[in-house]
4 protein chains.
Amino acid sequence: MIISLELDSETPLYEQLRNQIVIGIAMGTLAEQERLPSVRQLAEDLGINTMTVNKTYALLKQEGYIVIDRRHGAKVAPRAAVGQEPTEQLTHQLQLIIAQAAIQGVDQSRFQTLCGQIFAKMAYQT
Amino acid sequence: MIISLELDSETPLYEQLRNQIVIGIAMGTLAEQERLPSVRQLAEDLGINTMTVNKTYALLKQEGYIVIDRRHGAKVAPRAAVGQEPTEQLTHQLQLIIAQAAIQGVDQSRFQTLCGQIFAKMAYQT
Amino acid sequence: MIISLELDSETPLYEQLRNQIVIGIAMGTLAEQERLPSVRQLAEDLGINTMTVNKTYALLKQEGYIVIDRRHGAKVAPRAAVGQEPTEQLTHQLQLIIAQAAIQGVDQSRFQTLCGQIFAKMAYQT
Amino acid sequence: MIISLELDSETPLYEQLRNQIVIGIAMGTLAEQERLPSVRQLAEDLGINTMTVNKTYALLKQEGYIVIDRRHGAKVAPRAAVGQEPTEQLTHQLQLIIAQAAIQGVDQSRFQTLCGQIFAKMAYQT
DNA sequence: GTGGTCTAGACCACT
DNA sequence: GTGGTCTAGACCACA
């Protein structure tokens, strides 16, 4: 799995990393139950500090995306049941994106198509 | 237009403010060409520092959502032509949201429905 | 408020600190809405690193005991409504303590009295 | 006696194991003087390392919950005389739990009732 | 001024 | 080997 960080971005490194791992999980690049690289390993590969990776893992764990097994390190969490209702937070985020899209002149059908294309790349989808 | 800020949120005040204004524009609560309150006025109404509002307006201007006229203050920018292609940035943001939704078990049809409902509230949509 | 840390304890510093602050809140030593010392200040007073205090505050915030206001630092969170049901986690912890007490030969009435005495010191209780 | 370990928990395995055995003793699932399974046996049953079980037994012995006889393995220690005073450590733990309960809005009578319910399940109680 | 982030390097607990 | 904790010291974003 390829991870690229922008060191001069506004988004903190640990958050960029978190986002890329979340996408990786959803796209199946990181399979369910698969082991993530060790904190040290990943830190070295990316050329960043172990603490930063540590924070990322702690965050992902807290959000339920991964589980940390004392014996074997971090693994992708088992997937949730399908058919869940969208979170309120997710709805808010989506509303903001759609607002931006609408103002920028992207019409609804184009937007829905885009959603479809992105969903098609997700392995988590049934 | 009602703006509510969470002082104890992770998102900076200026960004919360920016988001709410963007949504306000998209939903038509702030009409095209309509004048925004003055920096001082808005800061006082919200009980925050003028610097914060200033930063918000500067950001909105830079993003093209408003235009700032020295004589008449800030106005909502004229709307873009419809039929535009989604920005790369927007696509990235959407991808992250969809990834999260997929992992949380929200299926595509539910997601698309939600998009439709949100779009329906946008006045900018043709 | 007096905080004492055991540097050679098994419990991590940030957790000891968290516990003492929680007790401080419950006992009213830290009043509702009261400001906590700044991260730097507290770190200096206790002779520990700012990161450690930072982690404590982040934890307390995540657990809902404090709120962090970007403008004025950390404050004690407004108190919850009374009459809540005990958490499952709390029940588990209590079960373990009672098990230990029972084995050590503390009988129920003595234990209940002790609870009463501790509750009497809590300002949060109505 | 059923023991279930959470591999992805924050609490170390040896501590989870210790806790469950303590509760087992208090509830009478493990009777006074009863033999505990051998280290090797228990480790195999639970699918964990023998070192972990070893550590648990050493801890339980040091705390006085079990006695280890070279010939007969580990046994539940004879019960203490009733009417003992609560340990200082136990009082501290209880104080922390009550503090949390109070902040979360659990009132004293509810808490005392809960204690009663838990005590009712303990066989050690007179 | 505040909290948030990051680094480099160290030590410890757990299995 | 793993993740977790801590330090000392630095810089940045926010208000």
Side-chain angles (χ1 to χ4, degrees), chain A residues 5 7-17 35-44 46-58 61 66-75, chain B residues 5 7-17 43 46-56, chain C residues 5 7-17 35-44 46-58 61 66-75, chain D residues 5 7-17 43 46-56:
Chain A
L5 302 177
L7 295 174
D8 55 347
S9 163
E10 294 201 357
T11 6
L13 289 178
Y14 81 92
E15 205 173 323
Q16 292 183 45
L17 188 49
R35 272 199 58 189
L36 272 64
S38 83
V39 170
R40 282 187 250 283
Q41 184 65 53
L42 189 51
E44 194 180 339
L46 298 174
I48 60 176
N49 194 281
T50 55
M51 288 286 288
T52 310
V53 180
N54 200 331
K55 184 161 186 178
T56 305
Y57 278 22
K61 173 188 166 194
I66 66 173
V67 280
I68 293 177
D69 183 325
R70 280 202 136 83
R71 299 172 307 174
H72 310 104
K75 290 189 311 183
Chain B
L5 302 177
L7 296 177
D8 56 332
S9 161
E10 306 222 348
T11 359
L13 290 179
Y14 82 94
E15 203 172 322
Q16 291 184 47
L17 189 50
L46 298 173
I48 60 178
N49 200 306
T50 54
M51 293 297 288
T52 312
V53 180
N54 219 325
K55 186 162 186 175
T56 306
Chain C
L5 302 177
L7 295 174
D8 54 347
S9 162
E10 294 201 357
T11 8
L13 289 178
Y14 81 93
E15 204 173 324
Q16 293 183 46
L17 188 49
R35 272 199 57 188
L36 273 64
S38 82
V39 170
R40 284 187 249 284
Q41 184 65 53
L42 189 50
E44 193 181 339
L46 298 174
I48 60 177
N49 194 281
T50 55
M51 287 286 288
T52 311
V53 180
N54 200 332
K55 184 162 185 175
T56 305
Y57 278 21
K61 174 189 165 193
I66 65 173
V67 279
I68 292 177
D69 182 326
R70 280 201 137 83
R71 299 172 307 173
H72 310 105
K75 290 188 312 181
Chain D
L5 301 177
L7 297 177
D8 57 331
S9 162
E10 307 222 348
T11 0
L13 289 180
Y14 82 93
E15 204 173 321
Q16 291 183 49
L17 189 50
L46 298 173
I48 60 177
N49 200 305
T50 55
M51 294 296 290
T52 310
V53 180
N54 219 325
K55 186 162 185 175
T56 305

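In what follows, chains carry the letters A, B, and so on, assigned in the order in which the sequence lines appear, proteins first and then strands, with residues in each chain numbered from 1. These numbers were taken from a predicted model, which means no experiment stands behind them.
Per the geometry, CD belonging to Gln16(C) stands 13 Å off P belonging to dT5(F), to the nearest Å. For the pair Asp8(B) CG and dT2(E) C1', the interatomic distance rounds to 15 Å; values are reported in whole Å. Whole-Å rounding puts the Ile66(A) CD1 to dT2(F) C1' distance at 13 Å. dT2(E) atom C1' lies 10 Å from atom CG of Asp69(C), rounded to whole Å.
In terms of position on DNA chain E, the residue among Arg35(C) and Thr50(A) whose nearest nucleotide sits closer to the 5' end is Arg35(C). Mapping Gln41(A) and Gly47(C) onto DNA chain F via the closest heavy atom, the residue that lands nearer the 5' end is Gln41(A).
A distance of 5.5 Å separates CG of Leu5(D) from CD of Gln16(D), quoted to the nearest 0.5 Å. If you take CG on Leu17(C) and OH on Tyr57(C), they are separated by 7.0 Å, rounding to the nearest 0.5 Å. We find the NZ-CG distance between Lys75(C) and Leu36(C) to be 11.0 Å, quoted to the nearest 0.5 Å.
Using a 4.0 Å cut-off between a side-chain N of Lys or Arg and a carboxylate O of Asp or Glu, Glu10(B) and Lys61(C) qualify as a salt bridge.
Between Asn54(A) and dG3(F) there is no side-chain polar atom (N or O) within less than 4.0 angstrom of OP1 or OP2.
dA10(F): Watson-Crick or G-U partner is dT5(E), with both key distances under 3.5 Å.
Each of Asp8(B), Thr52(B), Leu7(B), Asn49(B) was compared with Arg71(C) under the side chain to side chain contact (heavy atoms under 4.5 Å, CB included) criterion, and only Leu7(B) meets it.
Pairing each heavy atom of Ile66(A) with each of Ala74(A), the nearest pair is CD1-CB, 4.1 Å.
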Hey, what are the protein-to-nucleotides 11-15 of chain E N/O distances that come in under 3.5 Å?
{"unit_1": "dC14(E)", "atom_1": "OP1", "unit_2": "Tyr14(D)", "atom_2": "OH", "d": "3.2"}
{"unit_1": "dC14(E)", "atom_1": "OP2", "unit_2": "Lys55(D)", "atom_2": "NZ", "d": "3.1"}
{"unit_1": "dT15(E)", "atom_1": "OP1", "unit_2": "Leu13(D)", "atom_2": "N", "d": "2.7"}

